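Notes follow the structure.
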Amino acid sequence: MKFVSTRGKEPAVTASEAIMQGLAPDGGLYVPQSFPALTHLAIHEISSYPELAFEVLAPFFEDDPLKDDLAEICMDAFNFPVPLVTLRDQETVLELFHGPTAAFKDFGARFLAACMERMLTKEQRKLTILVATSGDTGGAVAAAFAGRKGIDVKVLYPKGRVSGRQQQQLTCWGGNIQAYEVDGSFDDCQKMVKDAFMDSELSQQWGLSSANSINLGRLLPQSVYYVFASHLYTQAFGKKPIFIIPSGNVGNSCAAFWALTMGAPIEQIVLSVNENKTIPDFLSSGTYQTRASVQTLANAMDVGAPSNMERLFNLYPNTDTLRSMISAYAVNDQTIEATIKEVYEELGYILCPHTATGERVRRDHFAGKPTIVVSTAHPAKFEQVVEPLIKQTVEVPENLAKLLMKPSSFKAIGTDYRQLFN
Ligand SMILES: *Cc1c(COP(=O)(O)O)cnc(C)c1O
């Protein structure tokens, strides 16, 4: 099994090569050359999530140096529960927020860190990871890499655009983790990372790699929970589920399309977005037009130029096919607030602002249908939005509470990537 760049200018590489490189040298994103079929999966015989992850991912690591480490990597990375919760009738929520930083990005970040640490040990070398975050990525990456030998991490986040608790999770680590507060937007942060990679001299000198959702090592493990949840759902309800996925950079939803391509029992994949409507506008007009991001309550989805769209264009090269495969709906801030309130009052269930976009899309377009809304973060991470709406304090999960008590520090910089290397 090999991986190729979406821009097609590079030779095919193995999974671990793609993971260690992050972005392909031609500026493209790595994608599998072909997808294995899940037909070999005797899913009912699999007893644990790490075991399922191993079964799903093994074909991708067939002739890879990490092949013999994969089972251990899965146990190391996926050491927390993945509950599928029924809200009512056929309406369920896949809670992906039980990892150390209480957001779904723990899945990808932990898998990536486990892979990289083992590769670096094998190769006896060091790396510097650059990660731009609109909120949750950086926290998950910092947590996953903190204390790992041979790896330094530089985390960039947009000033004033992340919540207090998110910022704490970016800045509380010290040691091999350095946080940078950038006077700009998330798109600026992302551009700085890309520019640093394109500076080949600097990139060589520092051994730069990425841990953003552009890294294959983040994407692949995210496919696993779509395989897991769609099988679980089909067993419980006798129907294939429709996934509704709160989306920003489209990494999470791209992983769902990969799971679908492998043959997971998925009826349909629907994206919910906030006021950053690049994708719904593309689907209705047929013209893909990126733009500057706008700030919303669902800040981890504040993306105007979703980088993983490049992978979806690669998966479905024909625009009409792509448009027929994806649906997407936008939800504005006022409606996010109303939905958090409505769902709490009706069902006693507390949504984070991101997940609220998904629940709104279910209620408006798929009510009563077999659905899984993907819950991307714990509401306690966004208490300033959520608590006034439900007039309750949200209990902080234990993992998060530990991080919130640590001392924090960061460097404030502008939007020139060279400031990261002073
Ligand atoms: C990152 C994030 C998203 C968006 O996921 P993408 O893979 O970027 O589409 C949604 N919700 C939360 C809480 C996130 O952290």
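All residue numbers in this chain count up from 1 along the given sequence. Nothing here was measured: the structure is a model prediction, and the numbers come from that model. Whatever order the structure lists them in is the order used to number ligands and atoms, beginning at 1.
Here Phe228 and Phe78 keep their ring centres 6.0 angstrom or further from each other.
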| request: Please step through side chain to side chain contact (heavy atoms under 4.5 Å, CB included) for the pair Leu57 and Phe111, ending with a clear verdict. | output: CA-CA 11 Å; Leu57 298 175; Phe111 184 81; 3.7 Å; yes

| request: Verify side-chain hydrogen bond (donor to acceptor under 3.5 Å, both in side chains) between Gln268 and Ser327, making sure each step is shown before the conclusion. | output: CA-CA 9 Å; Gln268 192 187 342; Ser327 20; 3.1 Å; yes

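Paired with Tyr30 under the rule side chain to side chain donor-acceptor pair (under 3.5 Å), one option of Gln21, Lys2, Glu10 passes, and it is Gln21.
Side-chain contact annotation: Thr335 with Arg360, donor-acceptor N/O pair under 3.5 Å absent. A donor-acceptor contact closer than 3.5 angstrom is absent between the side chains of Ser293 and Asn276.
In the vicinity of Ala377, heavy-atom distances shorter than 4.0 Å reach the ligand 1 atoms 13 (C). Atoms of ligand 1 lying under 4.0 Å from any heavy atom of Lys105, numbered from 1 in the order shown and given with element: 1 (C), 2 (C), 3 (C), 14 (C), 15 (O). Contact atoms of ligand 1 toward Ala300: 1 (C), 2 (C), 3 (C), 4 (C), 12 (C), 14 (C), 15 (O) (distance under 4.0 Å to a heavy atom of the residue). Near His354, meaning under 4.0 Å from any of its heavy atoms, are these atoms of ligand 1: 11 (N), 12 (C), 13 (C). Against a heavy-atom cut-off of under 4.0 Å, Met301 is close to the following atoms of ligand 1: 3 (C), 4 (C), 10 (C).
Within the 4.0 Å heavy-atom shell around ligand 1 one does not find Phe97. Every heavy atom of Ser253 sits 4.0 Å or more from the atoms of ligand 1.
Looking at ligand 1, you'll find an N or O of Gly251 within less than 3.5 Å of one of its N or O atoms. Here's the thing with Gly248: one of its N/O atoms is less than 3.5 angstrom from an N/O atom of ligand 1. Of the N or O atoms in Val250, one or more lie within a sub-3.5 Å distance of an N or O in ligand 1. Between Asn252 and ligand 1, at least one pair of N/O atoms sits closer than 3.5 Å.
Formation of a donor-acceptor pair under 3.5 Å by the Thr278 side chain with backbone atoms of Gly304 is found in this model. Side-chain N or O atoms of Ser223 include one that pairs as donor or acceptor with a backbone N or O of Ala255 at under 3.5 Å.
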